[in-house]
A.B. asks: 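Could you have a look at this structure, given as structure tokens, before my questions?
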Amino acid sequence: MKPSGTSAEGPDTEGQAAPGAGTKDDPWRLTTPPGTSDYTMYKDEASDPPAIICQVGSTKLTYQLRAIEDLHAWLVEQGDWVPLGAADEGKEAAEGTVEAWGRSEGNPVGGWYGLRKGYRGRFGMYMPPLLEALGLAELTHEKRNNAMQAI
């Protein structure tokens with residue numbers, strides 16, 4: 001059963017911008033699940049480890065590039081809708097959420113996908129719209145309590 005905010009045809013994706021090329025010069029242009037903020041992401045394959053750069057206003061977050069494939073694989077394993085549970089690094093992530101998985105010792109990297117100390121959280125806010133734009137997942141787009149599932 002789909003969570004609220006979805007219809008028989010699929011989730012409400014209004015407000016999602018078409019992705020760019022995912023490069024620094026042509027980043028993916030995304031919108032948070034509730035549609036409240038626009039941001040960009042791009043791949044930096046030359047960094048060690050390869051990274052995704054997430055620019056939200058003047059704030060720069062970085063996540064391991066492998067998070068795209070790893071998160072998709074985990075969602076496939078879950079086989080159902082998973083709450084996003086976005087939280088800042090200093091706050092606890094709700095159990096069973098995308099955010100909790102993105103910092104769990106049980107994930108493929110054994111901890112945080114976020115690379116920049118102090119800015120490692122919000123994985124559950126910024127990564128899901130990228131997977132949706134890449135056609136790997138679908139999201140709900142409510143004011144709060146959003147969820148995602150693999151496609």
Side-chain angles (χ1 to χ4, degrees), residues 3 5 11 13-78 81-151:
T13 55
E14 186 173 303
Q16 280 302 109
T23 63
K24 187 172 185 174
D25 293 332
D26 186 17
W28 292 300
R29 288 167 179 71
L30 304 162
T31 304
T32 56
T36 53
S37 298
D38 295 331
Y39 63 101
T40 61
M41 293 181 106
Y42 64 90
K43 295 181 281 186
D44 180 359
E45 296 176 281
S47 68
D48 185 23
I52 299 169
I53 311 302
C54 177
Q55 192 71 44
V56 185
S58 62
T59 303
K60 182 175 164 180
L61 299 100
T62 56
Y63 301 104
Q64 292 189 45
L65 180 57
R66 67 176 290 170
I68 295 170
E69 289 180 15
D70 290 353
L71 177 55
H72 181 253
W74 180 73
L75 290 168
V76 168
E77 286 176 16
Q78 302 314 297
W81 291 91
V82 178
L84 302 185
D88 290 329
E89 179 177 342
K91 295 183 180 175
E92 285 294 315
E95 197 66 32
T97 63
V98 170
E99 184 72 35
W101 177 85
R103 49 175 86 181
S104 168
E105 291 180 10
N107 69 31
V109 298
W112 295 91
Y113 276 90
L115 296 170
R116 188 172 170 220
K117 182 90 169 129
Y119 295 90
R120 297 183 298 184
R122 309 302 279 174
F123 184 86
M125 178 66 72
Y126 299 120
M127 287 301 298
L130 176 58
L131 269 68
E132 180 181 50
L134 295 174
L136 299 172
E138 57 183 332
L139 269 63
T140 59
H141 294 278
E142 298 296 320
K143 289 183 181 178
R144 57 173 40 124
N145 300 322
N146 286 295
M148 71 184 304
Q149 73 173 2
I151 292 178

A.B. asks: Find out whether Val98 and Met127 are in side-chain contact, i.e. whether some heavy atom of one side chain is under 4.5 Å from a heavy atom of the other.
C.D. replies: no
A.B. asks: Sequence neighbours excluded, which residues qualify as side chain to side chain contact (heavy atoms under 4.5 Å, CB included) partners of Ala21?
C.D. replies: Thr23, Asp26
A.B. asks: Looking only at heavy atoms, what is the nearest atom pair of Thr31 and Gly35, with distance?
C.D. replies: CG2-CA, 3.4 Å
A.B. asks: If you define the side chain from C-beta out and look only at heavy atoms, does anything of Trp101 sit under 4.5 Å from Val82?
C.D. replies: no
A.B. asks: If you draw a 6.0 Å radius around OH in Tyr119, do more than 12 non-hydrogen atoms from other residues or ligands fall strictly inside?
C.D. replies: no
A.B. asks: Of all residues at least two apart in sequence or in a different chain, which pass the ring pair (Phe, Tyr, Trp, His ring centres under 6.0 Å) check with Tyr39?
C.D. replies: Tyr126
A.B. asks: Check Ala133 against Leu30 and note the closest heavy-atom contact, atom names and distance.
C.D. replies: CB-CD2, 3.7 Å
A.B. asks: Side chains of Trp112 and Phe123, heavy atoms from C-beta outward: is any pair under 4.5 Å?
C.D. replies: no
A.B. asks: What pair of heavy atoms forms the shortest contact from Gly124 to Ala86, and how long is it?
C.D. replies: C-CB, 3.8 Å
A.B. asks: Find out whether Lys91 and Glu99 are in side-chain contact, i.e. whether some heavy atom of one side chain is under 4.5 Å from a heavy atom of the other.
C.D. replies: no
A.B. asks: Between the side chain of Thr97 and the main-chain N/O of Pro83, is any donor-acceptor distance below 3.5 Å?
C.D. replies: no
A.B. asks: Which atom pairs, one a donor and one an acceptor, fall under 3.5 Å between side chains of residues 63-72 and the rest of the protein, sequence neighbours left out?
C.D. replies:
from	atom 1	to	atom 2	distance (Å)
Tyr63	OH	Gly121	O	2.8
Arg66	NE	Asp70	OD2	2.6
Arg66	NH2	Asp70	OD2	3.2
Asp70	OD2	Tyr113	OH	2.7
His72	NE2	Leu136	O	3.3
His72	NE2	Ile151	O	3.4

A.B. asks: Of all the heavy-atom pairs spanning Leu75 and Ala137, show the shortest one and how long it is.
C.D. replies: CD1-CB, 4.3 Å
A.B. asks: Considering non-hydrogen atoms only, spot the tightest contact between Pro128 and Leu84 and give its length.
C.D. replies: CG-CD2, 3.7 Å
A.B. asks: Who pairs with Pro34 by side chain to side chain contact (heavy atoms under 4.5 Å, CB included), at least two apart in sequence or on another chain?
C.D. replies: Thr32, Thr36, Met125, Asn146
A.B. asks: Can you tell me which residue pairs pass the salt bridge (charged side-chain N to carboxylate O under 4.0 Å, His left out) test with a partner in residues 116-127, sequence neighbours excluded?
C.D. replies: Asp88-Arg122, Glu89-Lys117, Glu89-Arg120
A.B. asks: Got a list of side-chain donor-acceptor pairs under 3.5 Å for residues 47-59, not counting sequence neighbours?
C.D. replies:
from	atom 1	to	atom 2	distance (Å)
Ser47	OG	Asp44	O	3.0
Ser47	OG	Pro49	O	2.8
Ser47	OG	Ala51	N	3.2
Gln55	NE2	Gly57	O	3.0
Gln55	NE2	Thr59	O	3.4

